[in-house]
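In what follows, every heavy atom counts, from backbone to side chain, and hydrogens, waters and symmetry copies are set aside. Start at 1 and go down the list; that is how both ligands and their atoms are numbered.
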Amino acid sequence: MMELRDKIQLLPDNIANQIAAGEVIQRPASAVKELLENAVDAGATEIKLIVADAGKSLVQVIDNGSGMSETDARMAFERHATSKINHIEDLFRIRTMGFRGEALASIAAVAQVELKTRRATDETGTYIEIENSLVKTQEPVAFQVGTSIAMKNVFFNVPARRNFLKSNPVEMRHIVDEFIRVAMAFPEIFFSLTANGQEVFHLERGTLKQRIVHLLGNHYMSKLVTVQEKTDYLNIYGFAGKPETAKKTRGDQYFFVNNRFIRSAYLNHAVMSAYQEMIPGDSFPMYVLFIDLDPAQIDINVHPTKQEIKFEDEKIIYAFVQAAVKHALAQFSITPTLNFDLDPSIQKLDAVENPFTEEKKANASASGLYSSFTQKNQAHFIESKSELKHWKDFYPEPKEHAFKSLLSAHQEESSGRLEYEAPVSGGIARSAEAKLQLLEDAPLLQLLNTYIVVSTNNGFILIHQQSAHERVLYERYITAAKGKPIASQRSLFPLTVPLSTPDAVLLQELLPDLKQLGYEIELFGKDTFAIQGTPADVDSGNEKTAIEQMLEQFKHFNSDVKFSRREKLVRSLAWQHAVKPGKILTQKEMKTLADDLFACSQSNITPSGNPTYISFKADYLEKMFGKG
Ligand code: ADP
Ligand code: MG
């Protein structure tokens with residue numbers, strides 16, 4: 001018999017809470033994030049995180065922030081209880097990390113919670129104990145100003161979830177990840193993390209750079225390039241790792257939007273594309289980037305744990321991020337001595353506080369800035385024509401895209417426009433490099449048989465002869481490897497080179513590519529080769545050593561990174577043939593080298609990312625002499 005009773009009934013509160021809590025608190029690390037964010041929102045300058053048993057038995061956050069009144073302390077654990085939203089419009093002005101009023105309610109639904117809190121204006125504090133969403137104890141307590149919230153035995157009442165927790169090392173890793181993401185965004189706040197009684201992190205207040213190095217490792221200290229661009233529409237600042245810091249594993253990559261850590265494959269792609277050709281395709285650069293924009297332009301509401309956000313206009317942001325990073329990378333090699341540490345107060349950028357109007361938005365997207373960002377060819381990438389022999393020819397705008405960069409498909413696509421002046425005033429400052437003009441008639445000076453001093457319209461540059469030559473040869477070889485071979489001069493008396501068996505196998509593999517590059521080499525008996533011809537511009541006499549050294553260098557690249565065979569060969573040869581420090585150069589040689597360098601498609605760095613020259617500008621020199 002069918003029963004005709006109505007079936008729907010309301011869930012008991014504690015079950016409803018537990019279900020809702022599942023979205024917010026998935027593991028101890030979720031509580032870490034929520035509690036740290038609450039402490040930040042409370043204006044704390046010191047935040048301590050204590051965990052035991054990878055957070056499974058204890059997650060506690062102690063802050064010196066605003067504290068709560070007795071009533072607020074009780075209210076804080078109610079679902080949808082928040083002090084951060086009053087009106088629906090507030091949703092579009094969110095500056096705090098939290099706003100849903102769900103975290104504490106969720107934690108209280110799945111754990112035992114102890115809260116101690118006191119405001120500066122209150123004499124005594126409040127102590128509250130909650131378990132399974134029920135208040136067990138509430139009483140006055142002596143406590144410092146601020147708040148301490150301890151979550152104990154998470155999921156004690158939801159065994160299925162507790163059993164789902166991973167091993168301690170895995171859960172601890174999640175906790176450390178969350179800790180790093182919050183601590184990174186607030187270098188002006190002291191943070192510590194103590195696990196099982198041992199202090200794992202102790203982060204004094206300081207600059208963003210100091211915070212990054214403390215969190216990610218000292219090896220980044222001299223390897224960070226400052227990224228900083230401001231517009232009416234948005235600001236970006238932070239640091240990007242120099243190309244040599246790129247790692248095989250994705251890891252040290254952080255994006256923050258209005259100080260909130262986010263994941264965005266789209267923006268990550270923008271950064272990766274800025275590094276194109278500087279790092280091997282399968283490696284990942286380090287970056288810590290902060291984007292600040294009007295909260296009305298983003299929707300942080302799309303995901304309960306808020307690691308994903310939607311931008312009103314993704315394309316602008318993409319172009320902006322890409323341009324800012326490119327710009328920074330182009331700059332670092334020419335101004336390595338100017339290292340601007342970001343002040344922690346930058347976190348409170350005043351552009352952030354300014355109201356963002358429709359009019360402003362219209363202006364922003366109509367501006368040249370927007371259009372220059374949305375074009376493929378960024379101003380920061382200077383392309384040139386290989387035929388240009390004189391600097392004065394180099395600076396006026398080339399008529400057409402004659403030098404098809406062979407470095408990448410991406411660059412091949414670009415329109416080859418050469419920008420040398422800031423097209424937008426008040427937009428992104430153009431790099432110093434872009435305005436650099438070498439004085440053609442001024443004599444060149446070689447220093448320490450290694451550096452070449454070249455006068456510019458605005459100071460001077462110091463070229464490293466080996467690095468510069470390496471860049472020049474690299475581009476020449478790349479072109480030859482893919483197109484017209486380099487002319488070879490035949491040796492009258494072929495030299496024979498005996499090699500070890502592994503080296504012989506390797507050389508055998510490289511012969512076709514070497515031929516393109518001007519080397520005529522043939523197998524001449526077991527493991528022995530005969531050099532029949534060498535590139536026209538290689539001194540004869542040391543071909544044998546040259547081949548051996550090239551193989552050594554090739555093997556070095558082999559174990560190091562996964563370039564294509566040809567790329568490795570070209571890099572090895574460029575390195576091998578570049579003039580070495582100590583070689584005295586004539587005026588003519590120096591002039592040719594400088595000419596060739598500035599005809600390169602990327603003149604400011606070696607293929608491996610070291611600077612080829614350093615620029616000293618007049619205003620910088622003045623500052624050095626205390627006059628600026
Ligand atoms: P939300 O952060 O979304 O407002 P929570 O559940 O995380 O929601 O917190 C609820 C409220 O409790 C907050 O709005 C805030 O008023 C108060 N609160 C939570 N943690 C703290 C803290 N550490 N110091 C002061 N007030 C806090
Ligand atoms: Mg919160």
Side-chain angles (χ1 to χ4, degrees), residues 16-18 20-26 28-50 59-88 90-111 113-122 125-130 133 135 138 141 143-151 154 178-179 181-183 185-186 189-192 258-261 295 300-307 309:
N17 281 343
Q18 281 176 14
E23 265 194 49
V24 184
I25 305 299
Q26 282 144 3
S30 329
V32 166
K33 170 179 187 285
E34 296 296 339
L35 295 177
L36 290 176
E37 290 186 350
N38 279 349
V40 169
D41 285 345
T45 56
E46 247 188 60
I47 300 176
K48 295 177 187 151
L49 168 64
I50 299 164
V59 171
Q60 181 177 18
V61 170
I62 307 171
D63 69 56
N64 67 349
S66 64
M68 286 176 262
S69 73
E70 197 186 338
T71 323
D72 283 351
R74 181 83 179 239
M75 270 293 285
F77 292 97
E78 297 290 330
R79 190 159 298 282
H80 309 305
T82 178
S83 55
K84 299 163 195 174
I85 299 254
N86 284 320
H87 305 285
I88 186 69
D90 292 347
L91 268 178
F92 304 98
R93 293 196 278 263
I94 300 276
R95 284 278 167 218
T96 52
M97 306 296 287
F99 60 91
R100 296 163 155 260
E102 279 181 319
L104 291 187
S106 300
I107 291 172
V110 296
V113 178
E114 285 174 23
L115 162 85
K116 285 183 201 163
T117 187
R118 181 165 79 85
R119 298 182 299 181
T121 45
D122 297 337
T126 305
Y127 174 79
I128 293 181
E129 226 182 277
I130 299 191
S133 304
V135 178
Q138 173 163 0
V141 69
F143 191 62
Q144 72 219 36
V145 172
T147 302
S148 157
I149 300 183
M151 174 185 84
V154 66
E178 295 295 354
F179 176 82
R181 289 165 190 170
V182 179
F186 298 96
I189 300 178
F190 168 91
F191 283 91
S192 68
N258 292 352
N259 283 337
R260 186 190 302 278
F261 172 82
I300 33 184
N301 218 359
V302 294
H303 193 269
T305 53
K306 295 171 297 217
Q307 280 190 356
I309 61 171

Problem set entry | Heavy-atom pair with the smallest gap, counting every atom of Ser192 and Phe179 | O-CE1, 3.5 Å
For this session: Give a yes-or-no answer on whether the side chains of Gln138 and Thr126 include a donor-acceptor pair shorter than 3.5 Å.
Result: no
With a 4.0 Å heavy-atom cut-off (strictly under), which part of [X] contacts ligand 1: side chain, backbone, both or neither?
| X | value |
| --- | --- |
| Asp63 | side chain |
| Ser83 | both |
| Ala44 | neither |
| Leu104 | both |

For this session: Scan for salt bridge (charged side-chain N to carboxylate O under 4.0 Å, His left out) pairs involving residues 38-50, sequence neighbours excluded, and state none if there are none.
Result: Asp41-Lys84, Glu46-Lys48
Exercise. Does ligand 1 have an atom that lies less than 4.0 angstrom from a heavy atom of Glu34?
Worked result: no
Exercise. Below 4.0 Å from any atom of ligand 1, is there a heavy atom belonging to Gly65?
Worked result: no
For this session: Could you tell me the separation between the CG atom of Asn38 and the OG atom of Ser66, rounded to the nearest 0.5 Å?
Result: 10.0 Å
For this session: Working to the nearest 0.5 Å, report the span between CZ of Phe186 and CG of Leu36.
Result: 10.5 Å
Does [X] reach ligand 1 with a nitrogen or oxygen that is under 3.5 Å from one of the ligand's nitrogen or oxygen atoms?
| X | value |
| --- | --- |
| Asp41 | no |
| Asn38 | yes |
| Gly67 | no |
| Gly101 | yes |
| Met68 | no |

Exercise. Looking at side-chain heavy atoms only, is the closest gap between Arg118 and Gln144 below 4.5 Å?
Worked result: no
Seminar exercise, completed: If we number the atoms of ligand 1 from 1 as shown, the ones under 4.0 Å from a heavy atom of Ala103 are 6 (O), 7 (O)
